[in-house]
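These notes concern the structure reproduced below.
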Amino acid sequence: MRTGVWLVGARGSVATTSIVGALALRAGLTGPTGCVTELPEVRGPSLPAFADLVFGGHDVVATPLAKRAEALATAGVLPARLAAALGEELASVERELRPAPTAGSQAERATAMVRDLTEFRERHGLARVVVVNVAATEPAPRPHAAHADPAALRAALTGPDEVLPASSLYAYAAVTAGCPYVDFTPSTGLRLPALAALADAHRVPYAGHDGKTGETLLKSVLAPMFAMRHLAVRSWSGINLLGGGDGATLADPAANAAKVRSKQRVLGETLGYLPQGDTRIEYVEDLGDFKTAWDLITFAGFLGTGMRLEFTWHGCDSALAAPLVLDLARLTAAAHAAGHTGPLADLAFFFKDPLDSATGSLADQWTRLCAFARQLHDGGADAAHG
Ligand SMILES: NC(=O)c1ccc[n+]([C@@H]2O[C@H](COP(=O)([O-])OP(=O)(O)OC[C@H]3O[C@@H](n4cnc5c(N)ncnc54)[C@H](O)[C@@H]3O)[C@@H](O)[C@H]2O)c1
């Protein structure tokens, strides 16, 4: 089952690490550490093999993939020997990358994106192509009347206005081309009523938003613990210090606001109330792709006794994110093959700000993910409609 993975932001850190990782797995040069779909509870015959994943993508910059891989190796994100050993394979992925369409109306750009996706699918005889957004985080868009209705949207896209933010234009193109769509970023993507209706009409599944790889991952484990022990969380404050392209993007206040909103959601959902405190993100160029998150939690126990917990997380963001990108591509492809359409709430385990999900607890999300994977492996299309 040869499956396309079309990365929006294909020359970024997360995308490059995902591509190098998949090629290294295929060549037997590394193991699947960090890949959830290789755990016994999730692994199974409905998932495309790593060797069956074919990569392509769009980006607004032209930096060669091999150069990005070299830079990531120098920064300690991936082993230098991999970037060197996979030169030929990287060159063949390079040939599948396309410049992000920038000319003409948004309708014309969407048509060019659809053409790139369809040609990629046909060129490689792919069963399907999953579009994964790993582009730079964008600010929330200004509301537009055409966001509510597919016909109005189609008409508005032909005009001179920028009706959709870039992530949503890619989502529009993906759905129009019949491709499932995954948003690994906090950008708007498919989260507009007109696009959700379009996805239903084209019978494609979609998943999002914003990969859960560090501080929020810990929050989704620790907050349910406080709730289950009936401890009162009084405040939860966090600071994230990060560099790299993502850090530079998030230095912009509007992109920063989108990310912070996405990071706070889990506390309200798992505790049932919002403790005092906030999450801050600060750009520290010298940290590169490595991130430090420091959180201070104050809480009260029996008789109101005050206590505190502090944690420090030193993560390599792209190394944490890349295996999840591969997991999401495999699971979303399997869901599409099984006939699933609409939001894939069972994939909430992977996201900070999941679509249509009732629980923010990692343990509950894990249980749902395992049940979903079992359905996919056992039931195929029947499970999709059960
Ligand atoms: N690394 C993690 O742990 C993690 C976790 C959750 C979410 N994310 C999100 O993943 C995304 C990628 O992170 P990164 O570290 O790879 O960032 P990065 O800056 O290294 O890469 C982003 C890429 O997107 C490209 N891009 C920007 N605008 C584009 C457009 N309109 N069309 C196509 N490409 C475009 C850039 O040129 C760049 O190559 C960010 O939005 C980040 O918030 C990352």
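All residue numbers in this chain count up from 1 along the given sequence.
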ring-ring contact (aromatic ring centres under 6.0 Å, His included) with F372: which residues, sequence neighbours excluded? H340
D346: partners by salt bridge (Lys or Arg N to Asp or Glu O under 4.0 Å), with sequence neighbours left out: R368
S235: which residues meet the side chain to side chain donor-acceptor pair (under 3.5 Å) condition with it, sequence neighbours left out? T298
Quick one: which residue pairs count as a side-chain hydrogen bond (donor to acceptor under 3.5 Å, both in side chains) with a foot in residues 303-314, not counting sequence neighbours? T292-H314, R308-E310
Look at R11 together with E94 and state whether they make a salt bridge at an N to O cut-off of under 4.0 Å. yes
Could you label the plane-to-plane angle of the H58 and W6 rings as parallel, tilted or perpendicular, counting under 30° as parallel and over 60° as perpendicular? perpendicular
Can you list the residues that meet the ring-ring contact (aromatic ring centres under 6.0 Å, His included) rule with Y181, with sequence neighbours excluded? none
Applying salt bridge (Lys or Arg N to Asp or Glu O under 4.0 Å) to E108 and not counting sequence neighbours gives none
Salt bridge check, K352 against D210: does any charged N sit closer than 4.0 Å to a carboxylate O? yes
Not counting sequence neighbours, list each pair that qualifies as a side-chain hydrogen bond (donor to acceptor under 3.5 Å, both in side chains) and has a residue in residues 24-33. none
Apply side chain to side chain donor-acceptor pair (under 3.5 Å) to S361 and list each qualifying residue two or more places apart in sequence or on a separate chain. none
Which residues share a ring-ring contact (aromatic ring centres under 6.0 Å, His included) with H124, sequence neighbours left out: F120
Quick one, L192 and H144 - any side-chain contact, counting heavy atoms below 4.5 Å? no
Identify, with sequence neighbours excluded, every residue that meets ring-ring contact (aromatic ring centres under 6.0 Å, His included) alongside F299. F226
Is a donor from one side chain sitting under 3.5 angstrom from an acceptor on the other, for K219 and T279? yes
Under the side-chain hydrogen bond (donor to acceptor under 3.5 Å, both in side chains) definition, can you give me all pairs with a residue in residues 162-173, not counting sequence neighbours? Q106-E162, R109-E162, E138-S167
Determine all donor-acceptor pairs shorter than 3.5 Å in which one atom belongs to a side chain in residues 37-54; sequence neighbours excluded.
residue: T37; atom: OG1; partner: D327; partner atom: OD1; Å: 2.4
residue: T37; atom: OG1; partner: R330; partner atom: NH1; Å: 3.0
residue: E38; atom: OE2; partner: R330; partner atom: NH1; Å: 2.9
residue: E38; atom: OE2; partner: R330; partner atom: NH2; Å: 3.4
residue: R43; atom: NH1; partner: E38; partner atom: O; Å: 3.1
residue: S46; atom: OG; partner: H377; partner atom: ND1; Å: 2.8

